[in-house]
Every structure is written in structure tokens, then in C-alpha cells.
Amino acid sequence: GEFLAKIDIEIAETEAKREQGLMYRDSMEENQGMLFIFEKDEYQSFWMKNTVIPLDMIFVNSHFKIVTIRKNAHPFDLSSYSSTAPAKYVIEVNAGFCDKYGIKEGDKISFRVF
């Protein structure tokens with residue numbers, strides 16, 4: 001029930017937007033991020049190809065519970081950053097965001113679309 005942080009998100013809800021993600025962007029404001037929405041809970045995997053900004057990746061299930069956090073994903077890294085449990089949502093924020101705001105696995109998120 002404790003509020004930790006607010007993120008202004010850009011939604012990547014189509015296949016094309018999910019494929020593009022945050023690639024080729026030079027920067028992002030501290031409280032900005034991208035929300036990836038998938039059809040159902042599945043193991044999700046991301047990479048950092050063509051991504052300039054170091055990121056924290058937050059994997060969230062359909063009950064809005066954070067199941068995995070991958071901190072400080074390195075720019076241009078072709079390694080797989082995967083969830084450890086099925087997730088329906090993935091939120092990408094600037095690297096260090098989760099540590100700064102004390103966001104951890106097991107926390108819950110909520111979001112609104114305006």
C-alpha cells in the first residue's frame with residue numbers, strides 16, 4: 001500500500017512498437033519509461049540491441065505483481081534479459097531507478113491510461 005514512485009509511461013502495445021522499444025533513443029527523463037503489454041502471462045525476454053540508454057527492466061504478472069527485476073541492462077548488449085516467472089507487462093526505466101526508489105520483486109504496480 002505504500003506509494004514508491006510515479007512513472008510517465010509510453011505504451012508499446014503493438015508488435016511493431018514492442019520491437020522498436022527504446023532503441024535509438026539518446027536519453028530519457030528520470031521518471032519516464034516504456035510499458036510493454038503482452039496478451040497473457042508468459043516468460044518474457046528482452047535484449048539491448050541498438051539501445052543506447054542503460055535500463056532497469058521490471059517484469060510484472062497479470063496480477064500487477066513484480067516477478068523479476070533486471071537491473072542495469074547494458075547498452076547494445078545482445079544477452080537475454082529474461083523474466084524468472086511468467087509476465088504480462090514489462091516496464092523499462094533508466095538504470096538505477098529501482099534502487100533509487102526501493103522498488104523490488106514482490107511489489108505491486110498500478111497504471112492508468114489517459
Side-chain angles (χ1 to χ4, degrees):
E2 182 183 349
F3 177 82
L4 299 177
K6 178 184 174 187
I7 304 168
D8 292 324
I9 57 171
E10 179 179 343
I11 300 174
E13 59 188 357
T14 67
E15 186 65 31
K17 287 182 180 180
R18 286 191 295 266
E19 287 178 14
Q20 178 74 29
L22 291 171
M23 288 194 293
Y24 308 110
R25 297 194 189 182
D26 293 328
S27 64
M28 193 166 50
E29 296 295 321
E30 179 180 337
N31 285 359
Q32 283 184 311
M34 181 168 277
L35 172 65
F36 296 80
I37 301 174
F38 297 92
E39 289 186 28
K40 60 183 178 178
D41 284 317
E42 294 182 309
Y43 286 90
Q44 305 295 340
S45 184
F46 282 57
W47 64 353
M48 295 290 289
K49 181 179 180 181
N50 300 318
T51 305
V52 179
I53 308 165
L55 300 172
D56 286 352
M57 297 178 187
I58 305 167
F59 297 83
V60 180
N61 68 18
S62 59
H63 300 289
F64 304 104
K65 179 181 174 184
I66 298 173
V67 296
T68 307
I69 298 175
R70 299 292 181 198
K71 295 180 182 178
N72 201 29
H74 300 286
F76 307 106
D77 188 354
L78 299 182
S79 301
S80 178
Y81 293 89
S82 301
S83 62
T84 58
K88 181 174 180 174
Y89 309 100
V90 180
I91 304 161
E92 292 182 338
V93 292
N94 286 306
F97 187 90
C98 291
D99 285 342
K100 181 175 183 175
Y101 292 98
I103 297 167
K104 60 191 180 309
E105 292 175 4
D107 288 346
K108 290 207 144 191
I109 70 156
S110 65
F111 60 86
R112 294 184 299 227
V113 178
F114 295 98

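Computation of the quantities below employed the complete heavy-atom set of this structure, encompassing side-chain atoms and omitting hydrogens, waters and symmetry-equivalent molecules.
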*What do the steps show when you test K100 against E30 for side-chain contact (heavy atoms from CB on, under 4.5 Å), and what is the final call?*
CA-CA 11 Å; K100 181 175 183 175; E30 179 180 337; 2.5 Å; yes
Find the distance between [atom1] ([X]) and [atom2] ([Y]) and round it off to the nearest 0.5 Å.
X	Y	atom1	atom2	result
L22	S27	CG	OG	11.0 Å
E29	D8	CD	CG	9.5 Å
K49	D77	NZ	CG	13.0 Å
I91	I9	CD1	CD1	7.0 Å
L55	I58	CG	CD1	10.5 Å
K17	E10	NZ	CD	7.5 Å

Do [X] side-chain atoms and [Y] backbone N/O form a donor-acceptor pair below 3.5 Å?
X	Y	answer
D41	S62	yes
N50	M23	no
S83	T68	no
Q44	Y89	no
K108	H63	yes
N72	G96	no

Contact between [X] and [Y] at the side-chain level, heavy atoms closer than 4.5 Å - yes or no?
X	Y	answer
V67	K88	no
R18	V90	no
I7	F97	yes
R25	Q32	no
M48	M57	yes

_side-chain contact (heavy atoms from CB on, under 4.5 Å) evaluation trace for K71 with I103_ = CA-CA 11 Å; K71 295 180 182 178; I103 297 167; over 6 Å; no
*E92 and F46: side-chain contact (heavy atoms from CB on, under 4.5 Å), yes or no, with the steps?*
CA-CA 10 Å; E92 292 182 338; F46 282 57; 3.3 Å; yes
*Proximity of F59 and Y43 rings by center, below 6.0 Å*: no
*asked:* Could you see if F64 belongs to whatever hydrophobic cluster contains I11? Use Ile, Leu, Val, Met, Phe, Trp, Tyr and a side-chain cutoff under 4.5 Å.
replied: yes
_In one Ile/Leu/Val/Met/Phe/Trp/Tyr side-chain cluster, 4.5 Å: F111, F36_ = no
_Shortest non-hydrogen contact between S82 and S45, atoms and distance_ = OG-OG, 3.1 Å
*Please step through side-chain contact (heavy atoms from CB on, under 4.5 Å) for the pair Y101 and N31, ending with a clear verdict.*
CA-CA 11 Å; Y101 292 98; N31 285 359; 3.4 Å; yes
